[in-house]
Amino acid sequence: MEPTPKPNIPELFLKPYNPAEHEDALYEKWNNSGYFNPDNCIKDGITAPDAEPFSIVLPPPNVTGVLHMGHAAMLAIEDILVRYNRMNGKRTLWIPGTDSAAIATQSKVEKIILKEEKKSRHDLGREELLKRVDTFAEESKKTILNQTKKMGSSLDWSRYAFTLDEKRNKAVMTAFKNMYDDGLIYRGNRIVNWDPKGQTTISDDEIVHEERQSKLYTFKYSSDFPITISTSRPETKVGDTAVAVHPDDERYQQYIGQTFSLTFCDVPIEVIVIADKEVDPEFGTGALGVTPAHSKIDWDMADRAGITRRPQVINEYAKMTVSGRLAGLKVNDAREAVVEWLRNENLLEKEEVITQNVATAERTGGIIEPLPKLQWWINVNKKFNLKHSEIPGLKTGDEVTLKELMIATVENGGTDIFPERFKRVYFNWITNLNDWCISRQIWYGHRIPVWYKVNAEGRENPLGEKGEELYCDTIAPTDDGWEQDSDTLDTWFSSGLWTMSTLGWPEQTDDFKTYHPTTVLETGYDIIFFWVARMILMSTYNTGQVPFKNVYLHGLVRDEKGKKMSKSLGNVIDPLDMITKYGADATRLSLIIGSSPGNDVPLSENKIKGYKNFANKIWNISRFVLTHTIDTNLSTSPTLSARDQEIISDLKIVVTEVSNEIDRFNLYLAGEKAYHYIWHELADKILEESKPILTGADAAAKLARQYVLNECLTTSLKLLHPFMPFVTETVWQNLPAKMKDQDLLMVAKWPKVE
RNA sequence: GCGCGAUUAGCUCAGUUGGUAGAGCAGCUCAUUUACACUGAGACGGUCGGGAGUUCAAGUCUCUCAUCGCGCACCA
């Protein structure tokens with residue numbers, strides 16, 4: 001049934017709100033206005049030139065990624081903060097960017113090339129591969145960026161940054177050089193986490209431990225060796241150089257210091273019995289075989305015992321390098337072969353099933369093979385002189401370590417973490433932190449700014465490597481004979497600079513001076529170590545400023561039963577589908593309401609549908625109010641009844657509550673309050689009770705109520721705009737000019753907080 | 001092993017400094033050619049995981065136990 005058309009109502013109000021009809025055009029309108037860029041807001045007098053800055057950097061999604069609900073939640077939260085602060089008159093900047101995601105992107109392209117051309121990266125060569133990866137990334141980034149816009153994100157695209165572009169590269173080179181000159185970056189040969197699948201080293205944080213069943217074998221190297229040892233990796237025992245026991249263990253006292261020459265599984269080995277207090281006498285036989293080249297702990301034990309012989313028996317492809325029956329076998333096959341040999345030789349005493357946590361590479365799933373390698377590291381425990389400090393509790397010139405710097409930043413309130421409990425998680429991580437391995441054996445990424453040259457004299461360089469000179473700078477040396485380090489940097493090294501590099505650092509740009517430190521960093525709690533901590537390290541060290549004043553950590557989006565969304569479970573809700581079906585506004589609100597900071601968010605399609613109904617509710621409220629007010633001249637301030645005044649004062653209370661909750665980052669409460677007010681107060685009560693007044697004979701009362709309804713409508717649209725920008729702006733665009741203080745709701749003034 | 005979080009209505013979750021238990025969804029009963037069925041009104045529904053303590057008063061603070069989830073470390 002067609003409702004009776006009212007004369008002056010814009011026609012589009014005569015049918016239900018259809019998001020798909022408005023959203024894309026509206027985004028274009030916002031973008032074309034230029035007001036995503038704070039400079040334009042100042043130029044047009046919308047924002048005061050000396051207004052307080054408010055800045056956020058977007059956690060850059062992978063160039064090759066597609067938008068998922070996690071991104072959608074992040075964009076919704078950040079856009080709410082940004083729109084709210086922009087409407088509040090702050091110089092508001094939200095910087096977009098994408099991340100090269102080194103290993104992930106390179107291996108994706110490698111796979112495609114292998115499939116289509118049957119070629120490996122080595123067939124193509126470094127230069128050609130990089131060209132291909134660049135092309136792929138360039139093409140692929142359009143997808144994620146367009147999807148980002150679909151959510152309504154009011155990002156300043158004129159400041160778009162890519163982790164591998166020229167400006168960001170300069171920042172990376174500069175930071176490396178600074179740390180190198182301070183002795184905080186060093187080259188060291190020791191056990192690294194080698195990923196045989198990805199063919200690169202990875203940092204401790206990129207490891208995930210997987211629980212697996214494995215076997216613990218108890219045996220002797222040979223029948224004439226007096227000590228029985230236990231291991232879950234018998235194949236590594238061909239690389240043993242010692243057997244360690246606890247210094248107080250009476251069973252083995254007589255052997256300490258003795259050396260035995262043996263043949264183990266066709267391999268001649270020489271083991272010395274050493275005492276080390278790290279050995280647990282209660283575990284196994286209380287004695288362990290020390291394999292310095294293939295275990296971090298054993299490497300350290302060898303150090304303590306002064307053992308220099310550290311034969312490597314496993315290579316980068318997780319294959320045995322020894323001769324004899326194990327030659328060339330993969331580690332798993334070698335394990336079987338060793339066990340079979342032990343059985344035949346009657347040396348195996350026990351075999352028990354144990355559960356073990358196996359270290360795997362997060363990106364590739366490959367089982368980590370600890371190997372000794374010469375790599376670049378950041379020393380987190382070395383004292384250095386803090387060149388400049390604006391960090392609370394630290395003065396310029398203080399002697400600190402990077403660890404201390406990271407702790408002080410949060411402890412002294414330079415950076416506040418929200419929710420609070422993650423501070424403890426942060427401190428706990430830093431306390432356990434070891435030196436950070438930053439070099440990677442992949443090609444896509446920032447190449448290490450270090451060059452080597454073989455020198456004729458064979459003199460030692462500062463690292464003590466004979467015959468090689470070393471040069472570190474942000475640009476290549478000009479004279480001949482230098483060769484650049486072939487490794488690239490851990491992607492988190494450049495990500496750690498993100499707040500600074502997006503604002504122009506190392507140049508002292510106006511942007512950097514105005515917007516750094518940034519106001520809020522909003523991200524998932526799962527990357528607090530990878531990213532948040534590294535940004536604090538990089539920024540405080542390089543600039544003496546904290547990278548951000550606040551950290552807001554959101555939870556993970558899960559399905560309605562609280563399960564992780566995954567393709568294999570078939571429970572993935574695609575944000576783009578939801579935007580098409582229910583609109584970006586509904587999708588946004590569904591990710592905000594019911595989602596408290598730091599906790600995971602359960603999401604169902606039904607929930608999103610519910611908020612689509614809400615968008616339509618707003619539509620109909622607007623239609624009702626316009627129907628009854630559009631033809632009336634409301635320029636004079638009418639005399640309000642007691643009830644009218646009460647409505648206005650209730651409205652102000654809601655404005656204050658919503659504002660306060662946003663200020664406290666309680667977006668879920670703010671959204672819920674606005675939602676509840678608009679639906680159950682404004683629509684259900686105020687509109688209903690206004691009907692008789694609007695159709696009644698008392699002209700003065702009618703005029704007053706019309707005024708009140710207009711106030712309620714415009715204020716509600718403003719309150720809701722950060723949460724549901726599209727529907728509120730669509731209505732706003734169709735309000736008569738006399739009701740608006742700005743043509744665009746996006747830059748209208750936030751209602752006054754009492 | 002160390003630490004963190006959760007446990008409140010059928011489901012998903014709120015509950016700010018201790019002061020008589022809340023929302024959304026689902027279900028139930030009515031109403032309705034209405035600004036809006038993408039609707040409204042109403043009722044039902046909880047010894048707040050168990051136990052102990054502090055207090056005039058505990059969902060909230062303390063202790064303890066249980067179950068679930070997560071993070072970090074890790075022993076060969």
Side-chain angles (χ1 to χ4, degrees), chain A residues 1-4 6 9 13-18 204-205 207-209 216-218 229-234 236-237 240 243-244 276 278-291 294-298 301 354 356-357 359 419 421-429 431-434 525-526 528-529 555-556 558-564 582-583 586 590 593-596 598-604 606-607 609-628 660-661 664 666 668-669 672-673 675-676 679-680 683-685 687-688 690-691 694:
Chain A
M1 180 75 66
E2 196 68 22
T4 318
K6 304 290 181 208
I9 290 285
F13 282 115
L14 299 181
K15 49 185 186 178
Y17 175 63
N18 179 11
D204 295 347
D205 303 284
I207 287 178
V208 276
H209 292 278
L216 183 69
Y217 303 95
T218 303
I229 58 166
S230 298
T231 183
S232 59
R233 295 204 60 187
T236 64
K237 298 293 102 183
D240 282 12
V243 164
D276 194 298
E278 289 295 301
V279 179
D280 176 4
E282 305 294 319
F283 187 90
T285 61
L288 73 99
V290 179
T291 324
H294 297 288
S295 155
K296 218 174 268 186
I297 290 158
D298 293 8
M301 270 189 203
I354 53 163
Q356 205 186 20
N357 283 328
R421 67 184 146 96
F422 285 104
K423 281 186 193 170
R424 243 169 305 172
V425 177
Y426 174 85
F427 290 133
N428 184 39
W429 178 78
T431 311
N432 293 324
L433 189 61
N434 293 315
Y525 64 74
D526 52 332
I528 180 165
F529 309 132
L556 274 39
R558 295 174 177 272
D559 78 359
E560 56 191 316
K561 288 174 196 128
K563 287 215 174 80
K564 208 167 178 172
Y582 307 111
S590 73
I593 295 185
S595 142
S596 51
N599 293 325
D600 295 349
V601 201
L603 183 71
S604 65
N606 224 20
K607 187 175 175 189
K609 199 173 165 186
Y611 292 117
K612 190 199 170 176
N613 297 352
F614 180 52
N616 197 53
K617 194 75 187 177
I618 295 157
W619 194 248
N620 279 296
I621 291 167
S622 309
R623 172 180 168 185
F624 177 88
V625 173
L626 283 180
T627 304
H628 292 282
N660 288 344
E661 296 298 3
R664 287 186 214 127
N666 288 325
Y668 67 114
L669 292 178
E672 211 169 77
K673 277 180 176 155
Y675 173 92
H676 194 264
W679 198 316
H680 299 298
D684 291 348
K685 299 207 173 79
L687 256 49
E688 287 305 324
S690 298
K691 285 176 184 174
L694 294 168

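In what follows, chains carry the letters A, B, and so on, assigned in the order in which the sequence lines appear, proteins first and then strands, with residues in each chain numbered from 1.
- Taking only side-chain atoms of A:Trp679, from C-beta outward, the nucleotide of B:rC4, B:rC74, B:rU39 with the closest atom is B:rU39.
- The aromatic rings of A:Phe529 and A:Trp429 lie parallel to each other, their planes meeting at an angle below 30°, with 60° marking the opposite boundary.
- Rounding to whole angstrom units, CZ of residue A:Arg623 and P of B:rU39 are separated by 14 Å.
- Interface remark: the A:Glu688 side chain does form a donor-acceptor pair with the B:rA35 base, using a distance-only criterion of under 3.5 Å.
- One atom, CD1 of A:Ile528, and another, P of B:rC70, lie 18 Å apart when rounded to the nearest Å.
- Between B:rA14 and B:rG5, the distance separating the two P atoms is 14 Å to the nearest Å.
- Side-chain contact of A:Thr431 with A:Asn428: a donor-acceptor pair under 3.5 Å is absent, judged by distance alone.
- Within the 6.0 Å centre-distance limit, the rings of A:Phe422 and A:Tyr525 are counted as a close aromatic pair.
- One interatomic measurement links the two molecules: CG of A:Leu603 to P of B:rC11, which rounds to 19 Å at whole-angstrom precision.
- What separates CG of A:Asp526 from C1' of B:rC4 is a distance of 16 Å, to the nearest Å.
- The CG-C1' distance, from A:Asp600 to B:rG5, rounds to 10 Å in whole Å.
- A:Lys607 contributes no side-chain N or O that forms a donor-acceptor pair with the base of B:rC25 under 3.5 Å.
- B:rA9 and B:rG46: their P atoms are spaced 10 Å apart (whole Å).
- Across the protein-nucleic acid pair, A:Leu687 atom CG and B:rG40 atom P stand 12 Å apart, rounded to whole Å.
- Comparing the same atom, C1', in B:rA26 and in B:rC36 gives a spacing of 22 Å after rounding to whole Å.
- What separates CD of A:Glu282 from C1' of B:rC75 is a distance of 12 Å, to the nearest Å.
- Under 3.5 Å, the side chain of A:Asn357 and the base of B:rC74 form at least one donor-acceptor pair of N or O atoms.
- When rounded to the nearest whole Å, the span between CG of A:Asn616 and P of B:rU39 equals 8 Å.
- The phosphate of B:rC72 has neither OP1 nor OP2 within less than 4.0 Å of any side-chain N or O from A:Tyr426.
- For A:Phe614 and A:Asp298, each mapped to the nucleotide of RNA chain B holding its nearest heavy atom, the one lying further toward the 5' end belongs to A:Phe614.
- Between A:Pro602 and A:His676, the residue anchored closer to the 5' end of RNA chain B is A:Pro602, taking for each the nucleotide with the nearest heavy atom.
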